Amino acid sequence: MDVRKLGNIEVSPIGMGCMGLSHGYGEIPDRAYSIEAIRKAYAFGCTFFDTAEAYGPRPGVLGHNERIVGEAVHDFRRAVVLATKLHLDTNEVSAKGLEVVVRVHLTASLDRLRTDYVDVYYLHRINPDIPVEDVAGVMGILVQDGLIRGWGLSQVDADTIRRAHEVTPLSAVQNIYSMLERGVEEEVIPYCLAHDIGVVPFSPIASGFLSGKVTAGSDFSHSDDVRKYVPQLRTENMEANQPILDLLESYAERKNATKAQISLSWMLHKYPNVVPIPGSKNQERILENLGAWNVHLTDGEFAALEAGLARIPVHGHRGFVERQGSSMANWNRR
């Protein structure tokens, strides 16, 4: 298994998005099962685990997921890369000052993760009231203090990345990216490639659609299930996007792999700085996704797959520049 880099931080080619162990996909697993899932991923070879202060069963109650991750990796903390994220509230920053607020959030995350440093510390979403350049400056201080090894941004365009990177070099950008969401290929990934910034796609299997296991009959009625908001999982869009699943199936049969593995192998082949973090609360699925690093497309297979995708229109884009409004509140936790 090769390694990849987020800035100068080495990670496994595929990481584990841990959100689903705490929120977002219906009923959450038993805590012991979740801890075992993370440890099995590590034993399989995964060295990159992604969490956030916001991931938990109830909005506003911080740290549920961080505590699970911290307990799971405690015995091998130095062998893995931990990424977590913070939100910045305008009123909190106005009252206390930006650096103080960031340090308060980071200190709490460190405590929950049972560690004395975070490898990649993300700003979870851009707050338009707080200049990203100011955030970048504080992150640079935290790097100098040894509290974080690198930092990142999530759901941002190339201009925002540039402005931040010029203040304190970024390690990673975490945006939505999959065969159904390719907007980052236009400007974000090229900029990151040119400046040694890792790209960490979340939802790389399009919330399960590209696995072929999510169907029009799947139940997303749970109060805490982000899939009810995913445009591609509306019945009409799932039916319209079926040709992409058919294309994936043809490669899966040829490579003795799953459709999800082909979709991950495709992005690994395409960009050397991409490190997807598929999320699942199912242990078997987690290991299946990680196994995609052993599925290798030849240059010819990749070119044919790219050509096939280019001929198929995609229905139901979400995009990586998010709309404001209450309908997006659940997305903002991701």
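This structure is a prediction, so every number in the text was calculated from the model and none was measured. Throughout, numbering of the chain's residues begins at 1 and tracks the sequence.
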Query raised in the report: In Å, rounded to the nearest 0.5 Å, how long is the span from NZ of Lys281 to OG of Ser22?
Result: 11.0 Å
Query raised in the report: With no hydrogens and no angle check, is any side-chain donor or acceptor of Thr298 less than 3.5 Å from a backbone partner on Glu301?
Result: yes
Query raised in the report: Between atom CZ of Phe209 and atom OG of Ser203, what is the distance when rounded to the nearest 0.5 Å?
Result: 12.0 Å
Requested in this report: Please round to the nearest 0.5 Å and tell me the distance separating atom CD of Gln174 and atom CG of Leu6.
Outcome: 10.0 Å
Query - Validation row, ring centre Trp293 to ring centre Phe48 under 6.0 Å - result: no
Query raised in the report: Given side chains that start at C-beta, do those of Met238 and Gln232 come closer than 4.5 Å, heavy atoms only?
Result: no
**Report entry** Pairing of Glu10 and Arg4 as salt bridge, 4.0 angstrom limit
**Finding:** no
Query raised in the report: Should Tyr25 and Arg227 be marked as a side chain to side chain contact (heavy atoms under 4.5 Å, CB included) after you check the CA-CA gap, both sets of side-chain angles, and the distance that decides it?
Result: CA-CA 7 Å; Tyr25 292 95; Arg227 289 169 294 186; 3.3 Å; yes
Query raised in the report: Between Glu36 and Arg39, is the closest basic N to carboxylate O distance under 4.0 Å?
Result: no
Query raised in the report: Glu66 and Thr51: side-chain hydrogen bond (donor to acceptor under 3.5 Å, both in side chains), yes or no, with the steps?
Result: CA-CA 6 Å; Glu66 289 181 321; Thr51 182; 5.3 Å; no
**Report entry** Derivation of the side chain to side chain contact (heavy atoms under 4.5 Å, CB included) call for Trp266 and Leu268
**Finding:** CA-CA 6 Å; Trp266 162 79; Leu268 292 178; over 6 Å; no
Report summary line: Ala292 meets the side-chain contact (heavy atoms from CB on, under 4.5 Å) criterion, sequence neighbours left out, with Ile14, Gln261, Leu264
Query raised in the report: Where the side chain of Ser265 meets the backbone of Val295, is there a donor-acceptor pair that is under 3.5 Å apart?
Result: yes
Report task. Flag yes if Tyr117 and Tyr121 sit in one hydrophobic cluster, no otherwise; membership is Ile, Leu, Val, Met, Phe, Trp, Tyr, and two members link when side-chain heavy atoms are under 4.5 Å apart. Result -> no
Query - Side-chain donor/acceptor of Asn241 to backbone N/O of His315, under 3.5 Å - result: yes
Requested in this report: Mind listing the closest non-hydrogen atom pair of Gly319 and Gln155 along with its distance?
Outcome: O-NE2, 3.7 Å
Requested in this report: Quick one: pull up CE in Met139 and CG in Leu147 and give me the separation to the nearest 0.5 Å.
Outcome: 11.5 Å
Query raised in the report: Quick one: ring-ring contact (aromatic ring centres under 6.0 Å, His included) partners of Tyr42, sequence neighbours excluded?
Result: Phe76
**Report entry** Whether Glu288 side chain and Ala260 backbone form a donor-acceptor pair below 3.5 Å
**Finding:** no
Requested in this report: Compare every heavy atom of Pro13 with every heavy atom of Pro276, then report the nearest pair and how far apart it is.
Outcome: CD-O, 3.4 Å
Query - side chain to side chain contact (heavy atoms under 4.5 Å, CB included) partner of Cys192, chosen from Val199, Leu170, Val184 - result: Val199
Query raised in the report: Can you tell me how far CD of Gln144 sits from CD1 of Ile141, rounded to the nearest 0.5 angstrom?
Result: 7.0 Å
Query raised in the report: Any donor-acceptor pair under 3.5 Å linking the side chain of Asn65 with the backbone of Cys18?
Result: yes
Query raised in the report: Would a distance-only check, ignoring hydrogens and angles, find a side-chain to backbone donor-acceptor pair under 3.5 Å from Asn175 to Val156?
Result: yes
Query raised in the report: Of all heavy-atom pairs between Val135 and Ile130, which one has the smallest distance, and what is that distance?
Result: CG2-CG2, 3.9 Å
**Report entry** Minimum-distance pair of heavy atoms, taken over all atoms of Gly316 and Asn237
**Finding:** CA-ND2, 3.6 Å
Query raised in the report: So, does Asp111 use its side chain to make a donor-acceptor pair with the main chain of Thr107 at under 3.5 Å?
Result: no
Query raised in the report: Within the distance-only criterion (no hydrogens, no angle test), does the side chain of Lys5 pair as donor or acceptor with the backbone N or O of Val11 below 3.5 angstrom?
Result: no
Query raised in the report: Any link between Val167 and Leu123 through a network of hydrophobic side chains (Ile, Leu, Val, Met, Phe, Trp, Tyr) touching at under 4.5 Å?
Result: no
Query raised in the report: To the nearest 0.5 Å, what is the distance between NZ (Lys255) and CG (Leu248)?
Result: 14.0 Å
**Report entry** N-O pairing of Asp145 and Arg103 below 4.0 Å
**Finding:** yes
**Report entry** Same apolar cluster: Phe44 and Val73, side chain cutoff 4.5 Å
**Finding:** yes
Report task. I would like to know whether Tyr33 and Leu21 meet side chain to side chain contact (heavy atoms under 4.5 Å, CB included); could you show each step before the answer? Result -> CA-CA 9 Å; Tyr33 180 92; Leu21 303 177; 5.6 Å; no
Requested in this report: Indicate the atoms forming the closest heavy-atom contact of Pro57 with His64, along with that distance.
Outcome: CD-CG, 3.5 Å
Query raised in the report: Got Met179 and Leu210 here, is their nearest side-chain heavy-atom distance under 4.5 Å?
Result: yes
Requested in this report: Could I get the full list of ring-ring contact (aromatic ring centres under 6.0 Å, His included) partners for His165, not counting sequence neighbours?
Outcome: His195
Report task. Start with the C-alpha distance between Arg67 and Glu71, add both sets of side-chain angles, then the distance that settles salt bridge (charged side-chain N to carboxylate O under 4.0 Å, His left out), and finish with yes or no. Result -> CA-CA 6 Å; Arg67 290 187 178 94; Glu71 182 176 347; over 6 Å; no
Query raised in the report: Is Ile28 reachable from Ile286 through a run of I, L, V, M, F, W or Y residues, each pair having side-chain heavy atoms under 4.5 Å apart?
Result: no
Requested in this report: Check for a donor-acceptor pair, side chain of Asn127 on one end and backbone N or O of Leu88 on the other, with a separation under 3.5 Å.
Outcome: yes
Query - Asp116: which of Arg149, Arg78, Arg77 passes salt bridge (charged side-chain N to carboxylate O under 4.0 Å, His left out) - result: Arg78
Report summary line: For Val274 and Pro201, the nearest pair of non-hydrogen atoms, with its separation, is CG1-CG, 3.6 Å
Query raised in the report: Without hydrogens or angle criteria, can the side chains of His105 and Glu53 be said to hold a donor-acceptor pair below 3.5 Å?
Result: yes
**Report entry** Connected via hydrophobic side-chain network under 4.5 Å: Tyr271 and Leu297
**Finding:** yes
Query raised in the report: Between Glu99 and Val138, is there a donor-acceptor pair closer than 3.5 Å when you use the side chain of the first and the backbone of the second?
Result: no
